[in-house]
Amino acid sequence: MCIRDRSTWGQYQLMKTLEHDANHLSEEQRTAIRREGYRVIVGGICIHLILGTFYLWGGIVKYVASYLHSFDDTVSAKEMLGVFPYMGLCINCTTSIGVKVAQRIGHKLLVIIGICCISATVFICSFITNYTLFVLVYSIGFGVSAGMIYMTPLECALKYFPNKKGKISGIIIAGFGLGSFIFNFVTLALVNPDDKHPNEHTKLFEEDVYSNVPKMFRVLAICYLALGGLGVFLIKYPRELHLELYDEHNVLTKVAEKKTQDQVIHNECQSFKDGVKSRPFFFLFTMALLSTYAGFMMAGCYKTYGFDLGKSDSFLTITGSLQALSNGFSRAIWGLVLDKLGFKKVYQIILIAQLALMATINYVTTVDALFLIWVCATMGLEGGQFSIFPAFVMKLFGHKVGSVIYGIVFIAFALANLNSYLILNRELESIGWDGLWWIAFGYTVLAFTLLLFFKPEHQWSRKMDLKVQDPHHIAVHSDEHHDDDHHDDDHHDDNRRI
């Protein structure tokens with residue numbers, strides 16, 4: 001039996017159990033698999049709690065800007081907002097790379113490296129006083145590390161629950177949204193426990209507040225390392241487990257039923273090139289680019305927007321934490337709805353609700369309670385998009401290239417984030433916040449229009465060669481499955497055989 005990653009003895013025993021009856025899974029086998037799967041889900045949530053502090057930037061940008069301004073009076077909060085889209089661009093551009101690296105060096109090892117790099121980046125930033133250096137280190141260090149391990153928890157968990165992509169993806173990605181909920185309160189307690197207001201003229205905090213910024217970064221680094229250690233302990237990737245080959249009754253399905261016995265038509269994308277050239281990819285990429293603009297604008301600027309409306313730091317911190325909670329829990333909820341209604345209907349609901357919010361936000365946000373509701377609702381819809389897109393892309397394009405294709409679709413989110421910052425930086429003074437939200441409304445209209453013409457199903461017609469094997473080898477010994485289109489030499493490494 002070939003075990004690619006040397007996991008625990010319990011995992012080895014689980015695989016041996018599956019060998020005894022490859023054509024049917026007993027209740028004992030299913031229970032053992034589920035228990036392993038639940039552990040992996042918890043580990044994935046821990047990891048995504050750390051990655052989700054990407055959204056924390058909107059809450060700490062004033063603190064950091066005030067701190068760096070004390071060393072360089074040309075630094076402003078408006079400039080520091082750029083860290084958010086730069087970081088997002090790094091995350092999204094490295095997600096697909098991380099999928100490939102995990103396949104080569106192992107999923108757990110990649111997570112260990114990623115968590116250590118994130119913690120080290122945040123710790124190093126506590127000593128940086130130069131604006132340019134800070135932006136480079138924080139954006140690239142955190143962004144690249146987070147992007148490389150973003151898909152790893154999803155890939156690991158979906159090996160245990162291949163038929164519940166929407167639900168499992170939603171639960172794990174909920175951690176991404178909840179990260180800033182937890183750490184928003186931590187940063188407020190560390191930096192501005194007395195809820196002091198920014199200076200009316202500079203719109204930045206005074207020394208008694210910003211002097212706590214280095215301590216804030218060091219505490220965050222320690223928290224990330226501890227939480228990441230728990231995630232690493234729980235997560236694993238069982239390469240030999242192929243539950244996608246079993247039907248709802250846990251009976252192994254026929255893989256090759258054909259005339260020639262050496263070819264089978266797989267209704268999934270067979271190559272990365274075919275995927276990015278397809279019509280569904282174009283629609284998904286463009287819709288994601290347009291519809292997530294509103295959420296990124298809100299996530300990065302809600303505190304700056306609130307300060308301009310005269311709201312207090314403590315109220316905006318509570319708002320930021322609750323919007324993170326909305327962002328996180330909505331991902332799990334939208335994932336469940338996705339499994340029931342399908343991608344197109346769920347996405348339509350999200351876009352219609354977003355249109356209503358963007359059309360009315362300029363008339364309600366002077367009232368604190370309505371400001372809170374609109375911010376949380378906007379981020380709840382944003383969380384829904386981050387939940388339904390990965391699950392649907394992996395389902396539509398298939399297990400072979402689905403993760404990599406989503407990594408490319410993910411870049412659309414980064415571009416939307418960057419676009420929101422560029423428009424804000426250039427147009428805020430001329431069109432004001434009112435104009436920025438109407439731009440978000442227009443982008444959502446365009447996304448909804450494209451969705452009307454989008455077909456959620458696609459026929460991948462390419463054929464793939466298969467050697468006819470015993471079902472036992474297909475289910476348990478997939479490392480010995482020879483596919484002319486997808487061949488990994490590492491599967492034949494004798495040093496990794498038990």
Side-chain angles (χ1 to χ4, degrees), residues 52 54-62 65 76-89 91-92 139 176-177 180 184 286-309 311 316 319-320 322-324 326-327 330 350-366 370-386 389 410-448:
F54 161 69
Y55 285 111
L56 184 64
W57 185 253
I60 66 174
V61 60
K62 280 278 187 179
S76 67
K78 189 177 178 181
E79 286 181 316
M80 293 303 297
L81 288 172
V83 171
F84 187 61
Y86 300 151
M87 189 166 40
L89 189 63
I91 291 176
N92 294 296
S139 301
F176 194 90
S180 60
N184 256 319
T286 308
M287 290 188 298
L289 175 65
L290 294 168
S291 66
T292 56
Y293 169 92
F296 280 123
M297 178 68 74
M298 186 67 77
C301 307
Y302 75 90
K303 213 165 191 180
T304 303
Y305 179 41
F307 279 131
D308 287 350
L309 293 173
K311 304 186 188 303
L316 291 173
T319 299
L322 291 178
Q323 64 90 2
S326 174
N327 188 354
S330 70
I350 290 174
L351 294 182
I352 291 172
Q354 186 164 289
L355 285 171
L357 292 173
M358 293 301 103
T360 56
I361 188 171
N362 294 320
Y363 308 103
V364 302
T365 47
T366 53
L370 296 180
F371 178 91
L372 174 63
I373 292 172
W374 256 247
V375 171
C376 291
T378 301
M379 293 311 299
L381 298 177
E382 183 83 346
Q385 295 179 70
F386 274 89
F389 268 91
F410 214 43
I411 296 176
F413 298 149
L415 295 177
N417 193 358
L418 182 61
N419 185 36
S420 69
Y421 166 69
L422 293 176
I423 291 178
L424 177 138
N425 197 40
R426 295 178 181 180
E427 306 297 338
L428 178 59
E429 294 182 1
S430 59
I431 65 176
W433 289 103
D434 292 2
L436 294 178
W437 299 125
W438 280 116
I439 290 175
F441 177 87
Y443 280 154
T444 308
V445 169
L446 292 176
F448 187 81

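Just so you know, these numbers use all the heavy atoms, side chains as well, and skip hydrogens, waters and symmetry mates. For clarity, every value in this text was computed on a predicted model and none was experimentally measured.
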**Report entry** With Thr365, the side-chain contact (heavy atoms from CB on, under 4.5 Å) member among Leu309, Thr360, Leu370
**Finding:**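 With Thr365 as partner, side-chain contact (heavy atoms from CB on, under 4.5 Å) holds for just one option, Leu309.
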
Query raised in the report: If we only count heavy atoms from C-beta on, is the Trp438 to Ile431 side-chain gap below 4.5 Å?
Result: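 They are not in side-chain contact.
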
Query raised in the report: Mind checking whether Leu351 and Leu355 have side chains closer than 4.5 Å, heavy atoms only?
Result: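 The answer is no; the side chains never approach within 4.5 Å.
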
Mind listing the closest non-hydrogen atom pair of [X] and [Y] along with its distance?
X	Y	result
Ala416	Ala288	CB-O, 4.4 Å
Ser330	Gly383	OG-CA, 3.7 Å
Gly59	Asn184	CA-OD1, 4.0 Å
Gly320	Tyr302	CA-OH, 3.3 Å
Ala440	Ala294	CB-CB, 3.8 Å

Students often mix this up, so state it plainly: with edges at 30° and 60°, are the rings of [X] and [Y] parallel, tilted or perpendicular?
X	Y	result
Tyr305	Phe371	tilted
Phe84	Tyr55	tilted
Trp437	Trp433	parallel

Report task. Show your reasoning for whether side-chain contact (heavy atoms from CB on, under 4.5 Å) applies to Ile361 and Met298. Result -> CA-CA 11 Å; Ile361 188 171; Met298 186 67 77; 3.5 Å; yes

Between [X] (side chain) and [Y] (backbone), is there a donor-acceptor pair under 3.5 Å?
X	Y	result
Asn417	Phe413	no
Gln354	Ser291	yes
Lys303	Gly58	no
Trp57	Met80	yes

Requested in this report: Dump the intermediate steps for side-chain contact (heavy atoms from CB on, under 4.5 Å) on Tyr293 and Ile439, then the final yes or no.
Outcome: CA-CA 9 Å; Tyr293 169 92; Ile439 290 175; 3.8 Å; yes

Just how far is it from atom [atom1] of [X] to atom [atom2] of [Y], taken to the nearest 0.5 Å?
X	Y	atom1	atom2	result
Asn327	Leu322	CG	CG	12.5 Å
Phe441	Leu446	CZ	CG	10.5 Å
Leu81	Thr304	CG	OG1	4.5 Å
Phe296	Thr378	CZ	OG1	13.5 Å
Asn425	Ser420	CG	OG	11.0 Å
Ile411	Leu415	CD1	CG	7.0 Å

Query raised in the report: Under the side-chain contact (heavy atoms from CB on, under 4.5 Å) criterion, do Leu436 and Leu424 qualify, and how do the steps go?
Result: CA-CA 7 Å; Leu436 294 178; Leu424 177 138; 4.0 Å; yes

Requested in this report: Check whether the side chains of Gln385 and Thr292 place a donor and an acceptor atom closer than 3.5 Å, and report yes or no.
Outcome: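 No - no donor-acceptor pair under 3.5 Å links their side chains.
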
Query raised in the report: Any chance the side chains of Gln323 and Ser326 put a donor and an acceptor closer than 3.5 Å?
Result: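 Not at all, the side chains of Gln323 and Ser326 share no donor-acceptor pair under 3.5 Å.
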
